[in-house]
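Working notes, beginning with the structure itself.
Only this structure's heavy atoms are used, side chains among them; waters, hydrogens and symmetry mates stay out. None of the values given here were measured: they were computed from a predicted structure. We name chains A, B, ... by the order of the sequence lines, and we start the count at 1 in each one.
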Number of protein chains: 2
Amino acid sequence: MTDQKKTKRRITSVDVAREAGLSRATVSFVLNDTPGQSIPEATRQRVLQAAARLGYTPYAPARTLRSGRSDVVLFVLPDWPQGPTMAELVDRAAQVLAGAGLTLVTHVHTGRDDDLARLWTALAPAAVFGMRPFTAGERAGMKRANIAAVLPSPEQSGHDVGSTLWLNGVGRLQAQYLIGKGHTRLAYVLPDDPRLSALGQGRAEGAAQACAEAGLPVPIVSTIPLDTAAAAETVAGWRQPRTAVCAYNDEVALALLAGMRELGTSLPVIGADDIPAARFAVPPLTTVAQDSGELGARIAAALLRALNGEPSQLDVLPDAGIRVVERESA
Amino acid sequence: MTDQKKTKRRITSVDVAREAGLSRATVSFVLNDTPGQSIPEATRQRVLQAAARLGYTPYAPARTLRSGRSDVVLFVLPDWPQGPTMAELVDRAAQVLAGAGLTLVTHVHTGRDDDLARLWTALAPAAVFGMRPFTAGERAGMKRANIAAVLPSPEQSGHDVGSTLWLNGVGRLQAQYLIGKGHTRLAYVLPDDPRLSALGQGRAEGAAQACAEAGLPVPIVSTIPLDTAAAAETVAGWRQPRTAVCAYNDEVALALLAGMRELGTSLPVIGADDIPAARFAVPPLTTVAQDSGELGARIAAALLRALNGEPSQLDVLPDAGIRVVERESA
DNA sequence: CTGAAAGCGCTAACAC
DNA sequence: GTGTTAGCGCTTTCAG
């Protein structure tokens with residue numbers, strides 16, 4: 001039994017060159033449409049066809065090693081529950097990046113630090129984007145690994161990107177809507193999931209700002225577990241009765257609705273995210289929806305700018321693409 | 001002005017070798033604990049310290065090019081809405097793979113085919129896993145790109161992995177639960193999202209099997225948009241009245257509940273996934289929950305086996321870690 | 001036990 | 001226009 005196939009050889013550009021009866025350089029030129037080369041159409045086709053016939057695929061590691069630039073971009077996703085919102089964001093970002101020949105991959109980062117290091121070491125991405133600012137240590141590591149662009153950039157750290165970027169716009173809009181309905185004493189209810197606390201702060205702050213701007217007292221903020229009884233207790237416990245409540249997201253809003261139902265009371269509630277379940281609630285949930293696709297596109301664009309050397313501020317309008325979906329709960 | 005820094009040079013193992021006063025080979029040996037080498041502890045430390053001092057990070061593309069093996073694993077995620085379920089699956093899989101020195105990255109595949117090709121071309125992963133079987137073309141491409149392991153493997157194609165793997169277990173359990181409560185005429189309701197149709201089939205089939213095994217007629221299967229009115233219409237339209245209904249997932253179940261509320265009728269309903277909103281429904285939703293972490297671990301293990309050359313069947317018990325969460329809707 | 005050297009597959013000067 | 005060739009950073013024989 002001859003082990004003729006001990007090592008299954010990879011098809012290289014040399015093979016293509018041989019097949020086409022040309023040199024590797026020529027092959028490389030046409031495969032990359034290297035600018036500043038005038039290749040006759042006939043030659044072009046010969047190369048292309050040879051490549052197709054052989055099923056040639058350029059080998060990324062070699063290409064990257066030589067050119068010094070990878071074309072993968074890494075999105076580090078937060079630990080928190082990923083709604084449809086996040087999926088949309090990533091998807092649009094991927095599209096925009098693809099337009100520039102870059103490939104987006106994601107990784108949800110669940111905590112352990114070395115984990116992140118292994119990640120960019122293994123990938124050698126051209127750029128990295130994270131939903132939260134990176135630590136100084138992480139930053140240093142990526143820099144040493146020659147990662148060209150990292151967002152959020154240090155200048156905009158200090159604020160959590162999530163909140164700075166667009167999440168406090170949500171809180172603000174929730175409050176504005178309620179205020180527009182004549183409500184004056186609001187509550188802001190956050191989930192007790194620790195992973196969400198930073199974002200919760202952001203949204204609550206947004207609401208507080210809106211109240212302040214309207215000359216109203218800032219909302220009471222409460223934190224609850226996702227649990228009917230706890231929600232009821234919280235609602236019952238507000239000493240100064242509230243006239244309406246903003247929920248961090250639709251799940252919290254649903255919990256609140258359930259709690260109030262148990263209590264036999266009822267207060268207007270506005271959620272956020274417009275999850276599918278929102279419309280089936282009793283009463284159907286009024287909520288704030290956002291077009292995260294737009295945000296994803298902006299992030300991608302900022303990344304692209306950063307890769308071009310233009311230091312880019314990721315200037316996202318905080319309220320881009322946010323709207324309230326009015327149903328019956330508020 | 002000397003442009004000493006025109007190109008920010010990467011720190012290489014040569015630098016480490018120089019810093020340590022040793023050769024590159026030695027450096028490589030200790031950094032990879034190459035087996036079959038006896039390096040004196042003193043030398044070892046010298047290398048390690050030099051590396052640390054310089055902040056050296058090995059450059060993956062070069063390493064991959066030379067060794068011929070990448071340590072990236074790619075998970076191609078389906079287009080469909082990602083529940084907490086999927087997150088858990090991915091997370092556990094990542095952990096297991098990390099244990100073997102592999103790094104998992106994900107990419108949600110939204111359709112366009114060339115997209116996928118660009119993906120593995122750019123990454124040159126050691127292995128790829130997809131939630132649905134890959135097409136022959138995709139398979140061929142990956143093979144040419146020398147990707148060592150691709151799951152699901154061809155032998156198990158034909159069935160959608162989703163359903164084969166664990167999703168029809170869900171349908172089966174839903175039906176069994178209802179049958180155990182004495183119900184005899186079931187309906188299975190699917191969402192009209194085309195992306196979900198394959199999975200829907202799987203779950204519905206599982207339920208059908210359970211019915212058949214119990215000597216009952218198979219469930220009527222209906223497809224509805226996520227919409228109260230449509231749900232009501234569907235429920236009202238069943239000519240042979242049903243005694244209970246299985247929903248593809250909790251969102252469909254919630255729609256059904258809302259529809260029946262509108263109709264003033266009420267039928268036992270069981271959902272699937274146990275999303276947070278389920279417990280806040282009116283009535284609180286009985287549902288099937290699954291331990292996807294376990295599944296993720298199994299997938300990772302199968303991948304590892306495949307990478308070791310052992311052809312691996314990804315033998316997942318269809319019902320592993322599935323249980324019903326009994327609340328009030330059924 | 002350590003060092004020299006040969007490539008992995010590809011790109012991009014530089015020659016012809 | 002097309003071919004030759006020199007590395008990119010790393011691993012890994014093979015000598016010493």
message: Pairing donors with acceptors under 3.5 angstrom, does anything connect the side chains of R118(B) and T103(A)?
response: yes

task: In whole angstrom, give the distance that lies between atom OH of Y56(A) and atom C1' of dG9(C).
output: 7 Å

- prompt: What's the CG-P distance between L54(A) and dG9(C), to the nearest Å?
  reply: 14 Å

task: Nearest whole angstrom, please: distance from the C1' of dG7(C) to the CZ of R66(A).
output: 15 Å

field: Spacing between L22(A) atom CG and dT2(D) atom P, to the nearest angstrom
entry: 7 Å

- request: Using a heavy-atom cut-off of under 4.0 Å over every strand shown, decide if S28(B) touches base, sugar-phosphate, or nothing.
  value: base

message: Rounded to whole Å, please give me the gap between OH in Y59(B) and C1' in dG7(D).
response: 14 Å

query: Of all the nucleotides listed (dA12(C), dG9(D), dT11(D)), which has the minimum atom distance to the side chain of R63(B)?
result: dT11(D)

query: More than 12 foreign heavy atoms under 6.0 Å from CZ of R69(B): is that the case here?
result: no

message: On the nucleotide dG9(C), are OP1 or OP2 found under 4.0 Å from the side-chain N or O atoms that S13(A) carries?
response: no

- prompt: Looking across every strand, which nucleic acid part, if any, lies under 4.0 Å from T43(B) by heavy atom: base, sugar-phosphate, or nothing?
  reply: sugar-phosphate

query: For the pair made of CG in N146(B) and C1' in dC8(C), what is the distance, rounded to whole Å?
result: 13 Å

- prompt: Of Q37(B) and T26(A), whose closest DNA chain D nucleotide lies nearer the 5' terminus?
  reply: T26(A)

message: Regarding P61(A), tell me which of base, sugar-phosphate or nothing describes its non-hydrogen contacts under 4.0 Å with the strands shown.
response: nothing

- prompt: Looking at dG9(C), does its base get a donor-acceptor pair with the side chain of R10(A) below 3.5 Å?
  reply: no

- prompt: Would you say the side-chain atoms of T106(B) and T106(A) include a donor-acceptor pair closer than 3.5 Å?
  reply: yes

query: Using a cut-off of less than 4.0 Å, is there contact between a side-chain N or O of T12(A) and OP1 or OP2 of dG9(C)?
result: no

query: Which whole-number value in Å describes the distance from R9(A) CZ to dG9(C) C1'?
result: 11 Å

Nucleotide nearest F29(B) when distance is taken to its side chain, options dC8(D), dC1(C), dT12(D): dT12(D)

message: How many whole angstroms separate atom CG of L31(A) from atom P of dG9(C)?
response: 16 Å

Note, H109(A) side chain near L77(A) side chain (heavy atom, < 4.5 Å): no

- request: State which residue, out of V72(B), L104(B), V105(B), fulfils the side-chain contact (heavy atoms from CB on, under 4.5 Å) condition with V105(A).
  value: V105(B)

